[in-house]
Amino acid sequence: MTSASLIITGYERRLAIVTAALRTGPELSEDAARDLAVRVLAALDHIPETIR
């Protein structure tokens, strides 16, 4: 019998960090914070690394 291992990607870790940061500020639901976090990470991913 094998157990399924949980694999958490780097993106999922970053998403969790940004979601948690957004939840500490204004009153946002978990879903709203996650949706906003996806947008934030998409914007950050389009900034060249030399500028970040």
Side-chain angles (χ1 to χ4, degrees):
M1 187 180 257
T2 61
S3 63
S5 61
L6 179 64
I7 298 174
I8 299 174
T9 65
Y11 176 78
E12 290 169 335
R13 267 192 299 258
R14 292 188 306 146
L15 186 60
I17 291 168
V18 174
T19 300
L22 292 171
R23 292 285 317 258
T24 62
E27 295 293 323
L28 289 176
S29 69
E30 182 72 27
D31 289 338
R34 183 175 170 84
D35 290 344
L36 189 54
V38 168
R39 292 181 191 184
V40 168
L41 289 178
L44 288 174
D45 286 345
H46 285 87
I47 298 171
E49 191 169 337
T50 55
I51 295 174
R52 285 189 261 158

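Starting from 1, each residue takes its place in the sequence as its number.
At a threshold of 4.5 Å between side-chain heavy atoms, the hydrophobic network of Ile, Leu, Val, Met, Phe, Trp and Tyr places Tyr11 and Val40 in one connected group. The hydrophobic clustering, which links ILVMFWY residues whose side-chain heavy atoms are closer than 4.5 Å, places Ile17 and Ile7 apart.
Residue pairs meeting the salt bridge (charged side-chain N to carboxylate O under 4.0 Å, His left out) criterion with at least one partner in residues 31-42, sequence neighbours excluded, are absent.
Judged as a side-chain contact (heavy atoms from CB on, under 4.5 Å), and not counting sequence neighbours, the contacts of Ile8 are Leu6, Glu12, Arg13.
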Please report, to 0.1 Å, the donor-acceptor pairs under 3.5 Å made by any side chain of residues 19-27, with sequence neighbours excluded.
from	atom 1	to	atom 2	distance (Å)
Thr19	OG1	Leu15	O	2.7
Arg23	NE	Leu28	O	3.0
Arg23	NH1	Glu30	OE1	2.6
Thr24	OG1	Ala21	O	2.7

